[in-house]
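First comes the structure, then the notes that go with it.
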Amino acid sequence: MAEESDLEKTEPASPRKLEKAREEGDVPRSRELATCTLLLGAAAALWFTGGSMIRQLNVVLASGLSFDREMAFDMNRLFTHLAAHLVDLAIAFAPMALILIVVALASPMLIGGWLFSGKALQPNFGRMNPAKGLGNMVSTRSGVELLKAVGKTILVGTIAWMVIKFEIDSVMALSVEPLKSGAEHLGHLMLMSFTFIGSGLIIIAGIDAPYQIWQHGKKLMMTRQEIRQEAKESDGNPEIKAKIRQQQREIARRRMMTEVPKADVVVTNPTHYAVALKYAENGMRAPKVVAKGADEVAAKIREIAAENNVVLLEAPPLARALYRHTDLGDEIPEKLYVAVAEVLAYVFQLRAYTKNGGNRPKAPKDLDVPADMDPLNPAAENANGSQQ
């Protein structure tokens, strides 16, 4: 039963799947909403620009039907005359066309948003499968589209019949009205038709748009197995991630080892820990940790230090404190300033002895390491417990 539930599409589409569907041009769309907005846009365009458009059309029509005798026998003059009137017609319809273009571009923002996808234009031979086409013809979606088409036809037909019924006398009178008043009357009838039909389509669009959103979400629903697989792909294979982390640690370790020859001193435990310190009077406020490690890494640090004549100093409490309380690149804690100062003083004296001779300096013993800085000191455990 658990396996069957994992294979059922019961989970909503993940953001990743929605984004992938959008890249492929698959977003919810409502043709009824687009048609409704265009009709209402046309009504608004007629309302705002209809008066000036009708006046310009009257002028163009009157001018176009009057021409002199010579123009009838001169094709060049006739074509020039017609071209000028075509330009006037374009100017007359330009405001309305501009409003419709703006409405057509804005309507996708109501559902689905703007989308530019090249994948939607690529050929898909699966759509040419006859069996799939027959299946679509008898699907639930096809039934809904059929009911919607029938409902739209009945609604729009009823509204158109009512408009014609109440305005039949006005429609019949258009043929005998003067040009100017007839054009204005025709514009009024078109405005009323667009408004009533567009308002009727609001009902269909109000039903279709939520249905398209629901249908799109249902189509993209996922099984629990798909959710787990997607999460695995997003997070990456644990084995691969572990291998990547191992490689990153190895790279960081090699980079750290290149800093050991530049260190001034390596403080050791002597076998468990090794911490390499460097200090430059110009540019450093306090000594910095340039390398640190435990066990095998500590052994490698000691080996590289010995090969490059870096001073090795056995100071277990200080080594433990530095290892515990610092990271690579950190300055040493203020509580360890005194102890590290003694170590560096010894290192500089040893360099002077190597260069100039004289009495060999003695390695410092019993360095001043505060009890709460040494992990093996009970005082450090008590301090950590009180902080927690």
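Model, not experiment: these values are computed from the prediction.
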remark   = For L98, the hydrophobic cluster (side chain heavy atoms closer than 4.5 Å, chained through members) also holds none
message = Could you list the cluster mates of V103? Members are the ILVMFWY residues connected by side-chain heavy atoms closer than 4.5 Å, either directly or through other members.
response = L38, I99
So, do [X] and [Y] sit near enough that their side-chain heavy atoms are less than 4.5 Å apart?
X	Y	answer
R29	V27	yes
V343	L318	yes
L322	I332	yes
L336	V369	yes
V289	K278	no

request  = Please step through side-chain contact (heavy atoms from CB on, under 4.5 Å) for the pair Q212 and L33, ending with a clear verdict.
outcome  = CA-CA 11 Å; Q212 295 297 338; L33 182 61; over 6 Å; no
Can you list everything that forms a salt bridge (Lys or Arg N to Asp or Glu O under 4.0 Å) with [X]? Sequence neighbours excluded, please.
X	value
E314	none
R285	E331
R302	none
K335	D372

Crowding at [atom1], [X] (>12 non-hydrogen neighbours, <6.0 Å):
X	atom1	value
K300	NZ	no
F348	CZ	yes
M162	CE	no
Q247	CD	yes
E296	CD	no

note = The ring-ring contact (aromatic ring centres under 6.0 Å, His included) partners of Y323 (sequence neighbours excluded) come to Y273
Of the non-hydrogen atoms in [X] and [Y], which two are nearest, and what is the gap between them?
X	Y	value
L367	A315	CD1-CB, 3.8 Å
A205	P210	O-CD, 4.1 Å
P375	R324	CB-NH1, 3.4 Å
V310	P261	CG2-O, 3.8 Å
Y279	A286	CD1-C, 3.8 Å
Y346	L313	CE2-CD1, 4.3 Å

Just how far is it from atom [atom1] of [X] to atom [atom2] of [Y], taken to the nearest 0.5 Å?
X	Y	atom1	atom2	value
L40	S107	CG	OG	11.5 Å
T37	M109	OG1	CE	13.0 Å
L147	I207	CG	CD1	11.5 Å
I111	S30	CD1	OG	5.5 Å

Would the distance check show the side chain of [X] and the main-chain N or O of [Y] forming a donor-acceptor pair, the cut-off being under 3.5 Å?
X	Y	result
D330	T326	no
K288	L277	no
E226	T223	yes
H325	P333	no

Treating Ile, Leu, Val, Met, Phe, Trp and Tyr as nodes and any side-chain heavy-atom pair under 4.5 angstrom as an edge, say whether [X] and [Y] lie in one connected cluster.
X	Y	answer
M221	I213	no
V297	V290	no
F93	L100	yes
V338	V340	no
V102	F48	no

message = So, using side chain to side chain donor-acceptor pair (under 3.5 Å) as the criterion, who are the partners of K218 when residues are at least two apart?
response =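 Per chain and number, K218 pairs via side chain to side chain donor-acceptor pair (under 3.5 Å) with no residue.
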Set of side chain to side chain donor-acceptor pair (under 3.5 Å) partners for T268, sequence neighbours left out =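 Not a single residue meets the side chain to side chain donor-acceptor pair (under 3.5 Å) criterion with T268.
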request  = Would you please name every residue forming a side chain to side chain contact (heavy atoms under 4.5 Å, CB included) with I204, sequence neighbours left out?
outcome  = E32, K148, K152, L155, L201
Donor-acceptor contacts under 3.5 Å from residues 351-365 side chains, at least two apart:
unit_1 : atom_1 : unit_2 : atom_2 : d
R351   : NH2    : D264   : OD1    : 2.7
T354   : OG1    : L350   : O      : 2.9

Please tabulate, for the side chains in residues 250-260, all donor-acceptor contacts under 3.5 angstrom to protein atoms that are two or more places apart in sequence or on a different chain.
unit_1 : atom_1 : unit_2 : atom_2 : d
T258   : OG1    : R255   : O      : 2.4

